[in-house]
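Some notes on the structure that comes next.
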Amino acid sequence: METHNVKRLTLADYTVRSSAEKTDRSGWVNYGVDNLFPQYLSELAATGAVHGSLCVSIGDMFAGKGLEAGVYNKRLEALSAYDVFYGCAHDYKKYGGYYIEVIYSVDRQNIAKIRHLPFEECRIAVSSEEEEIVGVYHSNDWANTRKKRNKPEFLPAFNPTNNGEEPRQIFYKFAYCGANIYPRPDYYSAINSIELAREISVYHVNNIMNGLRPSMLVSLFQGAPAPDEQQQIKRDWERELTGARNAGKFIMTFNERDTPKPEITTFPLSDADKQYEFLSKESTSLIMVAHRVVTPLLFGIRDVGGGFGSNKDEMAVGLEIFTNQVVDPAQRKLADGLEEILSYEMPNITITVIPNSPLMITADTAQI
């Protein structure tokens with residue numbers, strides 16, 4: 001009886017990056033299984049064209065053009081408060097939270113310095129008994145904490161009444177995070193779409209670099225090897241063929257002169273251009289929705305069809321909605337944090353963020 005020995009190549013399998021939280025025996029709460037989930041979010045923003053540009057543009061809108069605090073303006077300038085605010089605004093957009101280091105003067109009467117600490121460099125610290133938040137651990141590189149210069153340093157949580165014993169403290173504020181300690185960025189639900197858009201880009205680059213060669217079917221005509229050898233051959237071919245970075249690569253095999261050679265049959269993907277166009281548009285649309293973008297025109301993206309009647313009207317109305325629903329709440333969260341810190345020496349301080357809008361709304365458009 002004729003038998004057919006068919007082996008299925010296991011193609012690349014996408015696994016969602018875990019954001020699980022677990023208390024480490026050293027005293028901090030790990031963010032992600034590998035404790036590097038913030039670094040992963042940073043990588044997504046750095047390598048995704050649409051997502052990355054939205055993080056920058058919306059972060060700039062959160063930060064505004066400056067801060068206004070009336071009689072305390074000069075004091076804000078002396079503390080470089082806007083520089084701190086700017087960094088916090090971008091972290092709030094990218095990660096859903098921010099950290100500020102507060103350093104008190106020698107006499108503890110004033111704040112000597114405030115400093116923005118990058119979100120990805122901080123991990124929440126908890127007590128060993130009741131796991132209450134007691135501060136933050138800071139490291140320059142959480143992937144290499146064994147190096148002396150990256151050893152996590154504990155900094156107590158912000159509490160002005162304890163500044164005598166704790167001249168350096170950490171203030172933090174997160175977006176609503178439910179039962180978890182760490183926040184989730186507002187685009188969290190679109191991480192799969194962000195990954196999709198990134199992989200499509202990587203695939204096309206590699207496909208072009210390798211001559212736009214199609215996918216292929218490999219048939220070996222050297223009999224049926226032993227099971228262990230079959231598995232090894234299968235793993236070798238999987239390693240060479242799978243993943244976006246292997247798009248269009250060719251394989252070179254070495255055979256004896258008179259032995260059967262592998263048969264490689266190419267098969268093009270039907271309507272590939274339409275499929276990639278659909279996936280690209282779909283991923284971009286979902287990313288926009290997750291970022292709560294009312295109209296892509298605000299960020300230089302023109303969508304075909306639709307709108308509020310004209311570009312001007314669409315942008316004006318879209319900006320108003322986006323400002324009310326997204327920008328204003330974020331700025332209030334950021335300003336509240338800075339006010340809480342600075343009220344230690346500036347009673348009743350009220351901070352207003354000077355708007356940084358992609359569209360200058362004139363008197364006539366304001367009537368819409």
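- Using cut-offs of 30° and 60° for the angle between ring planes, the Phe174 and Tyr182 rings count as tilted.
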Evaluate Glu195 against Leu44 for side chain to side chain contact (heavy atoms under 4.5 Å, CB included), listing each step before the verdict. CA-CA 8 Å; Glu195 283 279 18; Leu44 286 182; 4.0 Å; yes
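- Applying the side chain to side chain contact (heavy atoms under 4.5 Å, CB included) criterion to Thr350, with sequence neighbours excluded, gives Glu339.
- The closest side-chain heavy-atom distance from Leu342 to Tyr72 is not below 4.5 Å.
- If you take NE2 on His51 and CE on Met288, they are separated by 12.0 Å, rounding to the nearest 0.5 Å.
- Closest approach of Ala330 to Tyr92, counting heavy atoms only: CB-CE2, 3.8 Å.
- With respect to the salt-bridge test (charged N to carboxylate O, under 4.0 angstrom), the residues Arg332 and Asp328 do not qualify.
- Proximity of the aromatic rings of Phe85 and Phe62 is defined here by a centroid distance below 6.0 angstrom, and this criterion is not met.
- Residue pairs that meet the salt bridge (charged side-chain N to carboxylate O under 4.0 Å, His left out) test with at least one member in residues 72-81, sequence neighbours left out, are Arg75-Glu345.
- Asn348 pairs by the side chain to side chain contact (heavy atoms under 4.5 Å, CB included) definition with nothing, not counting sequence neighbours.
- Residue Arg198 holds its CZ atom at 3.5 Å from OG1 of Thr47, rounded to the nearest 0.5 Å.
- Under the 4.5 Å side-chain heavy-atom criterion for Ile, Leu, Val, Met, Phe, Trp and Tyr, Val126 and Tyr99 are members of the same hydrophobic cluster.
- Contact between Thr145 and Ser139 at its shortest, heavy atoms only, is CG2-OG, 4.0 Å.
- Residues satisfying the salt bridge (Lys or Arg N to Asp or Glu O under 4.0 Å) test with Glu68, not counting sequence neighbours, are none.
- Summarising the geometry, atom CG belonging to Asn73 is positioned 14.0 Å from atom OH belonging to Tyr82; distances are rounded to the nearest 0.5 Å.
- Side chain of Ser42 to main chain of Pro38: no donor-acceptor pair is present (N/O by atom type, distance under 3.5 Å, no hydrogens or angles).
- Remark: Glu340 pairs with no residue by the salt bridge (Lys or Arg N to Asp or Glu O under 4.0 Å) rule, at least two apart or across chains.
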The test is side chain to side chain contact (heavy atoms under 4.5 Å, CB included); show your working for Asp60 and His90 and say whether it passes. CA-CA 7 Å; Asp60 282 344; His90 280 268; 2.8 Å; yes
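- Evaluation of the side-chain hydrogen bond (donor to acceptor under 3.5 Å, both in side chains) rule for Tyr172 yields no partner, not counting sequence neighbours.
- For Asp83, there are no side-chain hydrogen bond (donor to acceptor under 3.5 Å, both in side chains) partners, not counting sequence neighbours.
- A continuous path of hydrophobic side-chain contacts links Ile349 to Val71 [ILVMFWY only; heavy atoms under 4.5 Å].
- Looking only at atom types and distance, the side chain of Gln169 has a donor-acceptor partner in the side chain of Tyr104 under 3.5 Å away.
- Across all their heavy atoms, Gly164 and Arg108 have their closest contact at O-NH2, 3.5 Å.
- Taken together through direct or relayed side-chain contacts under 4.5 Å among Ile, Leu, Val, Met, Phe, Trp and Tyr, Ile170 and Ile133 form part of one hydrophobic cluster.
- Test Tyr31, Tyr40, Tyr95 against Glu120 for side chain to side chain donor-acceptor pair (under 3.5 Å) and you get one pass: Tyr95.
- For the atom pair CD1 (Ile287) and CG (Asn192), the distance works out to 10.5 Å, reported to the nearest 0.5 Å.
- Centroid-to-centroid, the aromatic rings of Tyr98 and Phe119 stay 6.0 Å apart or farther.
- Within the 4.5 Å cutoff, side-chain heavy atoms of Leu67 are placed close to those of Leu338.
- The two residues Ile181 and Glu21 come nearest to each other via the heavy atoms N-OE1, 3.0 Å.
- The closest side-chain heavy-atom distance from Pro152 to Arg123 is not below 4.5 Å.
- No continuous path of hydrophobic side-chain contacts links Val293 to Val289 [ILVMFWY only; heavy atoms under 4.5 Å].
- In this structure, Ile124 and Val136 have side chains that are in contact, with non-hydrogen atoms separated by less than 4.5 Å.
- Residues satisfying the salt bridge (Lys or Arg N to Asp or Glu O under 4.0 Å) criterion with Glu282, sequence neighbours excluded, are absent altogether.
- Once rounded to the nearest 0.5 Å, the distance linking CG of Asp336 with NZ of Lys173 reads 6.0 Å.
- At a threshold of 4.5 Å between non-hydrogen side-chain atoms, the residues Leu319 and Met61 count as touching.
- Under the rule for a side-chain hydrogen bond (donor to acceptor under 3.5 Å, both in side chains), the partners of Tyr344 that lie at least two apart in sequence or sit in another chain are Asn163.
- Side-chain contacts under 4.5 Å among hydrophobic residues (ILVMFWY), followed directly or transitively, place Trp142 together with Trp28, Leu36, Val134, Tyr137, Phe154.
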What verdict does the side chain to side chain contact (heavy atoms under 4.5 Å, CB included) test give for Leu79 and Met346, after you've listed the backbone C-alpha separation in whole Å, the side-chain angles of each residue and the deciding distance to 0.1 Å? CA-CA 12 Å; Leu79 290 171; Met346 306 175 206; 3.9 Å; yes
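- For residues 137-159, the set of pairs meeting the salt bridge (charged side-chain N to carboxylate O under 4.0 Å, His left out) definition, not counting sequence neighbours, comprises Glu153-Arg168.
- Here the straight-line distance linking atom NZ of Lys94 with atom CD1 of Ile58 works out to 13.0 Å at 0.5 Å rounding.
- Partners of Lys93 by salt bridge (Lys or Arg N to Asp or Glu O under 4.0 Å), not counting sequence neighbours, listed by chain and number: Asp186.
- Residues Asn140 and His138 meet the side-chain proximity criterion, which asks for heavy atoms closer than 4.5 Å.
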